[in-house]
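Proteins come first, then strands; the chains are lettered A, B, ... in the order of their sequence lines, and each starts at number 1.
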Amino acid sequence: MPELPEVETIKRDLEKNLTGQVITQFIVEDPRIFTGFSPSGGPRRKINISHLIRGLINKKISQFFRRGKYLAMEFVDGSALILHLRMTGQLLFKNGEGKARAAFYFGSGKKLFFKDRRRFGEIQFSTDWKKEKSIASLGIEPLNGNLTAQFLKESFKERSASVHSLLLNQTIVCGIGNIYAAEALFRAGIRPTRKGKSIRIEELNQLVPAIQQVLNASIQNRGYSMSTYVDTLGKKGKTQLFTQVYGKEDQPCVHCKNLLKKIKISGRGVVYCTQCQK
DNA sequence: CGGGGCTCCTGTGCGC
DNA sequence: TGCGCACAGGAGCCCC
């Protein structure tokens, strides 16, 4: 589900409502939420859940951060919870239908529920969250001024992987997922199957603003909500009303009216225009 | 390095 | 209507 714009929307909601709040109770319905970002198939880090829960009681939230698609809830003592919503995770101030995997209760009476239909989402406790491998291995943020055509030229040099795959690679630029990769490539007129090293600097000069525009516009629209994504109040975003290729296979291209085509790249569905994207 | 395939899960939608 | 399969905003790992 959530890519950078959706996570950013949630982060801003959390920051506005929960900064300074003290955790008075923390209920974990599904202990697997604490896999600690360990390999899915491999041995899971042993975590003493009750010890972890006890340690969180009375912690006061100082700040929220977003890095890529990760959220960090940082406490005044410097420790933090790192959260990732994966495909279907939701953070809600009110628990609606169905059970939450975890629930936070705060001193003021405020609550926060972590719901997650597919249960891929994860939480990890850390005393030094920026140094955790999941965070430290992330590439640059696309919206803080570091993303330039020259940076992409350098990063894509020698890479024979498709430009779509490289945009999804969180260790180069973080926060872009399948929706915004497809949208940005369409706006830049670049075919998603092109090898990274084949993209010319003039094309990267189109791609950089395309990435920034689709992400910024989506933040303005509070995210893409076709199936499960909602904000902390359970409200849908509006980005799905403005996408031009994602989810639009077999529909006419907004520029040339040719029908958009859907292909698979590294197992991910990608829609593009065979006429407009070279 | 890259892509395919599989894993973690559950729900939806489509073709037959 | 019902069944089975493909697929879904993520991402790590193994294998070739």
Side-chain angles (χ1 to χ4, degrees), chain A residues 1-10 29-45 66-71 82-91 97-99 101 114-124 132-135 137-139 155-184 192-198 214-215 218-219 221-231 236-240 242-243 245-250 262-271:
Chain A
M1 149 207 343
E3 306 182 27
L4 185 152
E6 292 76 29
V7 179
E8 180 66 22
T9 299
I10 291 171
E29 291 287 349
D30 178 8
R32 284 178 297 177
I33 203 166
F34 280 104
T35 50
F37 306 111
S38 65
S40 52
R44 288 179 170 171
R45 191 186 304 186
R66 180 194 56 73
R67 265 293 270 142
K69 302 168 195 171
Y70 289 88
L71 273 170
I82 310 172
L83 299 88
H84 198 303
L85 302 172
R86 288 289 197 268
M87 300 283 265
T88 57
Q90 301 172 325
L91 289 171
E97 300 288 297
K99 222 177 205 176
R101 298 181 71 196
F114 191 134
K115 302 188 77 171
D116 187 5
R117 202 177 63 187
R118 288 176 72 181
R119 299 202 282 173
F120 290 161
E122 294 178 67
I123 303 178
Q124 180 183 24
E132 295 292 340
K133 194 171 172 237
S134 54
I135 301 295
S137 62
L138 294 172
S155 304
F156 292 177
K157 192 173 68 180
E158 319 274 317
R159 306 288 299 253
S160 59
S162 69
V163 60
H164 187 85
S165 295
L166 292 171
L167 288 179
L168 293 187
N169 183 331
Q170 303 297 301
T171 71
I172 300 173
V173 179
C174 62
I176 301 171
N178 214 31
I179 298 173
Y180 302 104
E183 292 297 316
T193 50
R194 292 264 304 281
K195 291 183 194 304
K197 61 187 177 188
S198 79
V214 295
L215 295 177
S218 186
I219 293 170
N221 288 313
R222 298 185 63 78
Y224 180 96
S225 296
M226 269 318 265
S227 53
T228 60
Y229 170 73
V230 288
D231 68 13
K236 286 177 180 286
K238 293 188 170 64
T239 298
Q240 68 281 5
F242 305 105
T243 52
V245 286
Y246 183 84
K248 306 233 176 235
E249 58 270 29
D250 303 324
K262 184 167 186 177
I263 57 170
K264 282 239 179 229
I265 298 178
S266 298
R268 310 299 300 276
V270 184
V271 182

To the nearest Å, give me how far apart [atom1] ([X]) and [atom2] ([N]) are.
{"X": "A:R86", "N": "B:dC9", "atom1": "CZ", "atom2": "P", "value": "13 Å"}
{"X": "A:I179", "N": "C:dA8", "atom1": "CD1", "atom2": "P", "value": "12 Å"}
{"X": "A:N169", "N": "B:dG3", "atom1": "CG", "atom2": "P", "value": "11 Å"}
{"X": "A:F114", "N": "B:dC9", "atom1": "CZ", "atom2": "P", "value": "14 Å"}
{"X": "A:K133", "N": "C:dC13", "atom1": "NZ", "atom2": "C1'", "value": "10 Å"}
{"X": "A:R119", "N": "C:dA8", "atom1": "CZ", "atom2": "C1'", "value": "17 Å"}
{"X": "A:E6", "N": "C:dA8", "atom1": "CD", "atom2": "P", "value": "17 Å"}
{"X": "A:H84", "N": "C:dG9", "atom1": "NE2", "atom2": "P", "value": "14 Å"}

Where do N or O atoms of nucleotides 11-16 of chain B meet protein N or O atoms at under 3.5 Å, pair by pair?
none

Which residues share a side chain to side chain contact (heavy atoms under 4.5 Å, CB included) with [X], sequence neighbours left out:
{"X": "A:S266", "value": "A:S165"}
{"X": "A:S160", "value": "A:K195, A:K197"}
{"X": "A:R66", "value": "A:L4, A:V7, A:E8, A:K11, A:E141"}

Within the structure shown, what part of the strands sits under 4.0 Å from [X] by heavy-atom distance: base, sugar-phosphate, or nothing?
{"X": "A:S162", "answer": "sugar-phosphate"}
{"X": "A:K262", "answer": "sugar-phosphate"}
{"X": "A:E158", "answer": "nothing"}

Quiz prompt | Partner residues of A:T9 under the side-chain hydrogen bond (donor to acceptor under 3.5 Å, both in side chains) criterion, sequence neighbours left out | solution =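 Partners of A:T9 under the side-chain hydrogen bond (donor to acceptor under 3.5 Å, both in side chains) test: none.
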Quiz prompt | For A:T193, side-chain hydrogen bond (donor to acceptor under 3.5 Å, both in side chains) partners two or more places apart | solution =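 Result, side-chain hydrogen bond (donor to acceptor under 3.5 Å, both in side chains) vs A:T193: none returned.
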Got a second to check how far [X]'s [atom1] is from [Y]'s [atom2], nearest 0.5 Å?
{"X": "A:Y229", "Y": "A:R222", "atom1": "OH", "atom2": "CZ", "value": "6.5 Å"}
{"X": "A:I179", "Y": "A:Q240", "atom1": "CD1", "atom2": "CD", "value": "9.0 Å"}
{"X": "A:K115", "Y": "A:T228", "atom1": "NZ", "atom2": "OG1", "value": "12.0 Å"}

When you check the phosphate oxygens OP1 and OP2 of [N], does a side-chain N or O of [X] lie under 4.0 Å from one of them?
{"X": "A:K195", "N": "B:dG2", "value": "no"}
{"X": "A:R159", "N": "B:dG2", "value": "yes"}
{"X": "A:Y246", "N": "C:dG9", "value": "yes"}
{"X": "A:K115", "N": "B:dT10", "value": "no"}
{"X": "A:K264", "N": "C:dA8", "value": "yes"}

Quiz item: Who passes ring pair (Phe, Tyr, Trp, His ring centres under 6.0 Å) against A:Y246, sequence neighbours left out?
Solution: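 A:Y224.
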Contacts of type salt bridge (charged side-chain N to carboxylate O under 4.0 Å, His left out), residue [X], not counting sequence neighbours:
{"X": "A:K133", "result": "none"}
{"X": "A:R194", "result": "A:E203"}
{"X": "A:K264", "result": "none"}

Quiz item: Dot-bracket for DNA chain C, 5' to 3', with Watson-Crick and G-U pairs under 3.5 Å, [ ] for crossing pairs and | for other-strand pairs: what is it?
Solution: .|||||||.|||||||
Tabulate protein N/O versus nucleotide N/O from nucleotides 14-16 of chain C, keeping only pairs under 3.5 Å, one per line.
none

Say we look at [N] and [M]: how far apart would their [atom1] atoms be, to the nearest angstrom?
{"N": "C:dG9", "M": "B:dG2", "atom1": "C1'", "answer": "23 Å"}
{"N": "C:dC3", "M": "B:dC9", "atom1": "P", "answer": "25 Å"}
{"N": "C:dT1", "M": "B:dT10", "atom1": "P", "answer": "26 Å"}

Self-check item: Nearest listed nucleotide, side chain of A:Y229, among C:dG9, B:dC8, C:dA8
Solution: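 Given the options C:dG9, B:dC8, C:dA8, the side chain of A:Y229 is closest to C:dG9.
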Quiz item: Glycosidic conformation of C:dG9, syn or anti, with 90° from 0 as the boundary?
Solution: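 C:dG9: syn.
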Quiz item: Has A:K238 got more than 12 heavy atoms of other residues, nucleotides or ligands less than 6.0 Å from its NZ?
Solution: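 At most 12 heavy atoms, drawn from other residues, nucleotides or ligands, come within 6.0 Å of this atom.
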